[in-house]
Amino acid sequence: MGGQKIQAPKGVSEYVPPRSRLFDFVRECLIAPAKLAGYQLVELPVFEATELFIRGVGESTDVVSKEMYTFTDRGDRSITLRPEGTAGAMRAVIEHGLDRGQLPIKIWYSGQYFRAERPQAGRYRQFYQVGIEAIGLDDPAIDAEVIAIADAGFKAIGLKKYHLELTSLGDAPSRARHRIDFLTYIATLDLDEATASRTGINPLRLFDDKRPEIKQAMVKAPLLMDYLSDTSRAHFDQVKVYLDSMGISYELNPRMVRGLDYYTGTTFEFVHDLLGAQSGIGGGGRYDGLMKELGGQELSGIGFGLGVDRALLAAEAEGVISKQAFVSDLFIIPLGHGAMVMALAIATKLRMSGKIVDIAFGDRSLKGSMKAADKSGARNVIVLGDAEITSHSMEVKNMSTGVSTSVTIDSLNDAL
RNA sequence: GUGGACGUAGCUCAGCUGGUAGAGCACCCGGUUGUGGUCCGGGAUGUCGCGGGUUCGAGCCCCGUCGUUCACCCCA
C-alpha cells in the first residue's frame, strides 16, 4: 500500500546536493576567521530549559514571547528549542566553570536555531547560525576584533554588497537618562493601538518602524547615542578608532534596534543590499549584564550570530560562488567482477594518501561510464580489464587534454 | 500572527472560452567489438500539492487545507 508523502515541517531550511556544497562552503568561510583568532569550539544542546531564554533573552522580546518552540518533556520540564545561541553559550560557560580560568573566554559554535515565525525567503523556522562569544573583557579592542572576524567571514565568501551598521546602546545609566526624555517624546505621538502596545514593551522599537508616517514622527526623537555616559562614549570612540585602523568601514546608525534584551554598549548589524526584507546577515554586540543575570559572576561579554542561510542567499544573489561540481582526482572504470576487486583496492589505497577517487559502480557500458566520469568532473580516468589485471599497468587518461599515458599500478599515485 | 500572489514531469515553464496533459533542459539506452565532452536516433517519467463541491465531463470554476513566495511584523 502506498503511503502518503510526508513533507518536511513548514518553514525549515534544508540543503541537499548540489546546493549543500555551497552551504558547506559558506559555513566554513564564516567559521574560519574565528578559528584563526583562537576561538574554540563548543557543542551545545539544541534544547534548553525554557527559563534560560526567558531570563537570558528577555521575556518582553518577540523572540521569547511568541516565537519559541516550547514543550513539556516526559519529566514535566518545560523545554525550548534554542532560538539563539548566546544564552546557551553563557549557561555552558557558567556550568563548566570556564569563567574561572584565563580571560577572555573565546568560543565559537555552529548549528541550527528555531523560531516559530511565518516563513519567508531568508526567514525559516529552523535556520543555521555560526557565532562567537568573547567573555570577560571590557577592552574596546575585543569589540573591534569580534566585528572584524564577522567581516572577514563575509569577505571570505566573496560578498561585497553589504554594509556594517554600528551603534552603542550605552551602559545602564546612559539608557536610564535617555529613556526619560524618549518616553516624554513619544507620549506626544498619536499611535494606533498595536503600535502603542509594542512601544510599551520596548519603546526603541519605534525606530524600526517602516511606515513613512512613523519614520517622519521619529525624525526628531531623542537618540540614545546623545545620552552616552563618558565611559560609554570613550569606549565606543575607541572601538571606532580600532575599526578604522583595520580598514573596516561602517556607518553609524543611532536608530538601530536589536530584538534581544541583553544587548548593551557596542552593537552592530551586517546588512546585505540584495536580500529584500530579510536583509540582516549577521549581528551582535555587548551584553554586559547577561552572565550575572544567568547566575554567573559579573563578567562582560561580546559576540555575534551570523546567518548561514542568508549569507548563502546573499552569495547567490551576488553570484560570487561557483557552482563547480565535485571534482575527483581519479575515476576508475572496472570491467567485470575481477576488475572491481582491483578497483576497490586501488581506490582505498589512493584515498589513504589523500586522493579523491570515484568508482563506476553497476554494470553500465564503458561508454556510459566514461560519460559518468566526464560529468563527475574527474581529472583522470583509468579503465581496468583483464589486460590490466594481468599486466599491472594501465592507461591514465587526462580528461581535459584527452591524452593517455601508460603507468604501472605502483606509480599510479605519482601519476595523478 | 496580518494582507497579497503562486503550487502542472528531477528543473524552468506552456496548457486557448472547462472535454481525461506538453516543450526545453536534465536523465537512461543506442549509433558494432575496451574510452567522455559535439551530433543523430530512441526511451522512461506526472496521484496536474491534497481533500471536497459544481458539471455529462475540471489542470483549468467554487470552498477548504497544506506548502512556497512578497510585504507587514520580526530578525539570522
Side-chain angles (χ1 to χ4, degrees), chain A residues 2-13 16-19 26 30 57 61-67 82-86 110-131 150 194-195 198 201-202 205 208-211 214 256-260 269-272 275-284 304-314 331-336 339 360 362 364-388 394-404:
Chain A
Q4 282 276 315
K5 265 189 206 167
I6 298 175
Q7 292 177 290
K10 182 188 180 90
V12 301
S13 65
V16 299
R19 199 157 94 107
V26 166
L30 294 177
V57 179
T61 62
D62 281 25
V63 169
V64 170
S65 65
K66 52 190 196 197
E67 295 173 0
R82 37 137 92 145
E84 59 91 55
T86 302
S110 165
Q112 42 278 81
Y113 296 84
F114 309 84
R115 256 119 98 159
E117 301 179 272
R118 179 125 165 206
Q120 212 174 310
R123 184 170 79 181
Y124 307 108
R125 270 134 92 126
Q126 172 176 304
F127 58 99
Y128 293 82
Q129 240 178 262
V130 306
T195 310
R198 252 187 290 136
I201 296 167
N202 181 356
R205 276 287 168 64
D208 220 16
D209 205 301
K210 286 171 187 167
R211 288 170 297 185
I214 302 289
M256 191 197 322
V257 177
R258 306 250 66 212
L260 281 18
E269 204 168 285
F270 287 86
V271 180
H272 197 267
L275 250 32
Q278 310 304 323
S279 58
I281 52 176
F304 64 59
L306 310 181
V308 184
D309 311 89
R310 289 187 187 175
L312 172 57
L313 253 19
F331 194 96
I332 304 175
I333 301 176
L335 267 23
R364 306 180 84 177
S365 66
L366 176 60
K367 179 170 179 167
S369 295
M370 282 303 293
K371 281 190 175 181
D374 187 39
K375 281 171 199 152
S376 81
R379 273 190 273 275
N380 299 287
V381 170
I382 59 174
V383 174
L384 258 32
D386 294 339
E388 286 79 8
M394 57 209 67
E395 298 282 308
V396 176
K397 178 166 183 174
N398 181 308
M399 291 300 273
S400 52
T401 63
V403 177
S404 293

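Just so it is clear: chains get the letters A, B, ... in the order the sequence lines come, proteins before strands, and each one is counted from 1.
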Visitor: With rounding to the nearest 0.5 angstrom, report the CZ to CZ distance, A:R82 to A:F114.
Guide: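 So the gap between those two atoms works out to 7.0 Å.
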Visitor: Under the salt bridge (Lys or Arg N to Asp or Glu O under 4.0 Å) rule, collect the residues that match up with A:R118, sequence neighbours excluded.
Guide: none
Visitor: What is the distance, rounded to the nearest whole Å, between atom CG of A:D309 and atom P of B:rU69?
Guide: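 Going from CG in A:D309 over to P in B:rU69 covers 12 Å.
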Visitor: Rounded to the nearest 0.5 Å, what separation is found between the CG atom of A:L312 and the CD1 atom of A:I281?
Guide: 12.0 Å
Visitor: Contact class for A:Y128 vs. all strands (heavy atom < 4.0 Å): base, sugar-phosphate, or nothing?
Guide: nothing
Visitor: How many angstroms lie between CG in A:L275 and NE2 in A:H272, if you round to the nearest 0.5 Å?
Guide: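 Answer rounded to 0.5 Å: 6.5 Å.
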Visitor: In whole Å, what separates the P atom of B:rU32 from that of B:rU47?
Guide: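 One P to the other, the span is 37 Å.
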Visitor: Quick one: CZ on A:R115 to OH on A:Y124, what's the gap to the nearest 0.5 Å?
Guide: 14.0 Å
Visitor: Set out, line by line, the N/O atom pairs under 3.5 Å between protein and nucleotides 71-73 of chain B.
Guide:
residue, atom, partner, partner atom, Å
B:rA71, OP1, A:A277, N, 3.3
B:rA71, OP2, A:Q120, NE2, 2.9
B:rC72, N4, A:R123, NH2, 3.1
B:rC73, OP1, A:D209, OD1, 3.4
B:rC73, OP1, A:K210, N, 3.2
B:rC73, N3, A:R123, NH1, 2.7
B:rC73, N4, A:R123, NH1, 3.4
B:rC73, N4, A:Q278, NE2, 3.0

Visitor: Side chain to side chain contact (heavy atoms under 4.5 Å, CB included), that's the test. Do A:E395 and A:I382 meet it? Break it down for me.
Guide: CA-CA 6 Å; A:E395 298 282 308; A:I382 59 174; over 6 Å; no
Visitor: With a 3.5 angstrom cut-off on both distances, give the Watson-Crick or G-U wobble partner of B:rG34, or none if there isn't one.
Guide: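 In the structure as shown, B:rG34 has no Watson-Crick or wobble partner.
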Visitor: When the P atoms of B:rG37 and B:rG31 are considered, how many whole Å apart are they?
Guide: 13 Å
Visitor: Start with the C-alpha distance between A:R125 and A:K10, add both sets of side-chain angles, then the distance that settles side chain to side chain contact (heavy atoms under 4.5 Å, CB included), and finish with yes or no.
Guide: CA-CA 7 Å; A:R125 270 134 92 126; A:K10 182 188 180 90; 3.5 Å; yes
Visitor: In whole Å, what separates the P atom of B:rU2 from that of B:rU8?
Guide: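 Pairwise P distance, B:rU2 against B:rU8, rounds to 25 Å.
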Visitor: A:A360: which residues meet the side chain to side chain contact (heavy atoms under 4.5 Å, CB included) condition with it, sequence neighbours left out?
Guide: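 Testing A:A360 for side chain to side chain contact (heavy atoms under 4.5 Å, CB included), a comparison that skips the adjacent residues, returns A:F331, A:I333, A:P334, A:S369.
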Visitor: Does a side-chain N or O of A:S365 approach OP1 or OP2 of B:rG30 to a distance below 4.0 Å, or not?
Guide: yes
Visitor: Please enumerate all residues that pass side-chain hydrogen bond (donor to acceptor under 3.5 Å, both in side chains) together with A:T86, with sequence neighbours excluded.
Guide: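 Here the qualifying residues are A:E133, A:Y262.
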Visitor: Does B:rG51 have a Watson-Crick or wobble partner in any strand here, with both distances under 3.5 angstrom, and which is it?
Guide: B:rC63
Visitor: Applying side-chain hydrogen bond (donor to acceptor under 3.5 Å, both in side chains), can you list everything that pairs with A:S13, at least two apart in sequence or on another chain?
Guide: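 With sequence neighbours excluded, A:S13 shows a side-chain hydrogen bond (donor to acceptor under 3.5 Å, both in side chains) to A:D309, given in chain and number order.
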Visitor: Hey, does A:L260 reach any base, or is it just sugar-phosphate, or nothing, if we go heavy atoms under 4.0 Å?
Guide: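 If one applies the 4.0 Å heavy-atom cut-off, A:L260 turns out to touch the sugar-phosphate alone, with no base involved.
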Visitor: Please determine, for B:rU68, whether a Watson-Crick or G-U wobble partner exists with both distances under 3.5 Å, and give it or none.
Guide: B:rA5
Visitor: Within the sub-3.5 Å range, which N or O atoms of nucleotides 64-66 of chain B have a protein N or O partner, and how far apart are they?
Guide:
residue, atom, partner, partner atom, Å
B:rC66, O2', A:Q7, OE1, 3.4

Visitor: Mapping A:P9 and A:V257 onto RNA chain B by nearest heavy atom, which one lands closer to the 5' end?
Guide: A:P9
Visitor: With sequence neighbours excluded, what pairs up with A:E67 under the salt bridge (Lys or Arg N to Asp or Glu O under 4.0 Å) test?
Guide: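 By the salt bridge (Lys or Arg N to Asp or Glu O under 4.0 Å) rule, A:E67 matches no residue at all.
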Visitor: Under a 3.5 Å limit for both distances, which nucleotide forms a Watson-Crick or G-U wobble pair with B:rC25, could you say?
Guide: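 In the structure as shown, B:rC25 has B:rG10 as its Watson-Crick or wobble partner.
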Visitor: How far does the P atom of B:rU12 sit from the matching atom of B:rC70, given to the nearest Å?
Guide: 15 Å
Visitor: Under the rule for salt bridge (Lys or Arg N to Asp or Glu O under 4.0 Å), what residues qualify as partners of A:K66, not counting sequence neighbours?
Guide: A:D62
Visitor: Sticking with atom P, work out how far B:rC61 lies from B:rA76, rounded to a whole angstrom.
Guide: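 The answer is 42 Å between these two P atoms.
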Visitor: Checking base pairs now: Watson-Crick or wobble, both atom distances under 3.5 Å. What partners B:rU45?
Guide: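 Pairing partner: none.
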Visitor: Which whole number of Å gives the distance between the P atom of B:rG34 and that of B:rG41?
Guide: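 The same atom, P, in both gives a distance of 25 Å.
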Visitor: To the nearest 0.5 angstrom, please state how far the OH atom of A:Y113 sits from the CD atom of A:Q129.
Guide: 6.0 Å
Visitor: In the 5'-to-3' direction, what one-character label does each nucleotide of nucleotides 31-43 of chain B receive under the scheme B = base within less than 4.0 Å of a protein heavy atom, S = sugar-phosphate only, - = no such atom?
Guide: B--BBBB------
Visitor: Could you state the CD-P distance from A:E84 to B:rC75, rounded to the nearest angstrom?
Guide: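 From A:E84 CD to B:rC75 P: 12 Å.
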Visitor: For nucleotides B:rG18 and B:rC75, find the distance between their C1' atoms and express it as a whole number of Å.
Guide: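 Result for the C1' pair: 46 Å, nearest Å.
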Visitor: Can you measure A:Q129 atom CD to B:rC74 atom C1' for me and round it to whole angstrom units?
Guide: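 The answer, rounded to whole Å, is 14 Å.
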Visitor: Between atom CZ in A:R125 and atom P in B:rC75, what is the gap in whole Å?
Guide: 17 Å
Visitor: Which distance, rounded to the nearest 0.5 Å, do you find between the CZ of A:R310 and the OH of A:Y128?
Guide: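 Answer for the CZ-OH pair, A:R310 versus A:Y128, is 15.5 Å.
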Visitor: Test of understanding: with salt bridge (Lys or Arg N to Asp or Glu O under 4.0 Å), list the residues that count as partners of A:E117, not counting sequence neighbours.
Guide: A:R123
Visitor: Between B:rG1 and B:rA14, how many Å separate the two P atoms, rounded to a whole number?
Guide: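 Rounded to whole Å, the distance is 30 Å.
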Visitor: Across the strands shown, which category fits A:R115 at heavy-atom distances under 4.0 angstrom: base, sugar-phosphate, nothing?
Guide: base
Visitor: Sequence neighbours left out, what passes side chain to side chain contact (heavy atoms under 4.5 Å, CB included) with A:S400? Give chain and number order.
Guide: A:N398
Visitor: Tabulate protein N/O versus nucleotide N/O from nucleotides 9-11 of chain B, keeping only pairs under 3.5 Å, one per line.
Guide:
none

